[in-house]
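Only one structure is covered here, and it is reproduced in the block below.
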Amino acid sequence: MNLKNNILLEALPKHIAIIMDGNGRWAKQKGMLRAFGHENGTKSVRQVVEASAELGVPNLTLYAFSTENWKRPKLEVKTLMKLLISSLKKEIKTLQDNDIKLAAIGNLNLLPNTVFKELHEVMEATKNNTRMTLTLALSYGSREELLNTVKEISNKVKNNIISPEAIDESIINKHLYTQNLPDVDLLIRTSGEQRISNFLLWQIAYAELYFTDTLWPDFTKQDLYKAIIEYQKRERRFGKTSEQLS
Ligand code: IPE
Ligand code: IPE
Ligand code: MG
């Protein structure tokens, strides 16, 4: 059965964020190296990107590499960076065909030059696409993002560009890496882990959380539909009572 037919198109999340986890365990289960899991994970990326664009989800953000992932063995980091370059090269056509704009959040200056260059080329080439914004979180950590935000705002206060009294949520939003994105509506994490791992802490304040045991390389369009259907069953109260909503 195609679960797509059970989705209410008028109530889609405006921003889906995914913690793509479980590549290593997926490979291990098959007696393969972790790199094999990462390679197969890219197929799932294509599935969720296509499915989101087809449905009409305007924003999809994928956690591809965290600030903390720099602590992994050098060889694994190298493999992930290489894979990133080859995926960017390969997927530019998918992005153009589906009218998808690529964006990136994170401390991008830490990325190897080759990755940084390729990333900027694809972002430049797709900047006028409007159907969906696909944001890759790369060398991203929410605490690092918040530190960066505090520093930027402090500098503006010091230089009399902003008064301390004027600092509100919208000013903070404008200084985050995610400045152009709406809050996350639906956060998905695969592989059975039920934690946030330093992802979009400010932006998920009222997100619906969805955890699945499926390992990332096994995640398909149908799994995404399942998550969206579950999301649509939830009552988002934002602090109000159920009666106030109806
Ligand atoms: C997610 O899979 C990919 C990245 C974090 C880059 P993992 O590599 O974390 O896989 P597990 O959690 O070890 O199975
Ligand atoms: C989170 O996964 C980061 C990404 C998916 C890119 P990790 O595998 O790094 O998270 P922990 O270490 O299990 O919390
Ligand atoms: Mg993991």
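Read the numbers this way: they start at 1 and go in the same order the structure lists the ligands and their atoms.
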Seminar exercise, completed: Going by the 4.0 angstrom heavy-atom rule, the piece of K71 near ligand 2 is neither
For this session: Output, by chain and residue number, all protein N/O/S atoms separated from the Mg ion (ligand 3) by less than 2.8 Å.
Result: D21 OD1
For this session: Inspect the contact between E230 and R234 and indicate whether a charged nitrogen and a carboxylate oxygen are less than 4.0 angstrom apart.
Result: yes
For this session: Using the salt bridge (Lys or Arg N to Asp or Glu O under 4.0 Å) rule, take K174 and E152 through it: C-alpha gap first, then chi angles, then the decisive distance, then the call.
Result: CA-CA 11 Å; K174 274 183 215 140; E152 282 191 11; over 6 Å; no
Exercise. In terms of side-chain geometry, is the basic nitrogen of R236 or D185 positioned less than 4.0 Å from the acidic oxygen of its partner?
Worked result: yes
For this session: State, without any angle test, whether T94 and E91 hold a side-chain donor-acceptor pair at a distance under 3.5 Å.
Result: yes
Exercise. With no hydrogens and no angle check, do the side chains of E144 and T67 hold a donor and an acceptor under 3.5 Å apart?
Worked result: no
Exercise. If you look at every heavy atom in T133 and L181, which pair is closest and at what distance?
Worked result: CG2-CD2, 4.5 Å
For this session: Group every Ile, Leu, Val, Met, Phe, Trp and Tyr by side-chain heavy-atom contacts under 4.5 Å, then state whether L201 and L147 land in the same group.
Result: no
For this session: Determine whether N173 and W202 make a side-chain contact, defined as any pair of heavy atoms from C-beta on separated by less than 4.5 Å.
Result: yes
For this session: Show which atoms of ligand 2 fall inside a sub-4.0 Å distance from at least one heavy-atom site of R195.
Result: 11 (P), 13 (O), 14 (O)
Seminar exercise, completed: Lining ligand 1 at under 4.0 Å, by non-hydrogen atom distance, are residues M20, D21, G22, N23, G24, R25, R34, H38, A64, N69, R72, L80
For this session: Inspect the contact between K71 and E76 and indicate whether a charged nitrogen and a carboxylate oxygen are less than 4.0 angstrom apart.
Result: no
Exercise. What class does the angle between the rings of W216 and F219 fall in, given that below 30° is parallel, 30 to 60° is tilted and above 60° is perpendicular?
Worked result: parallel
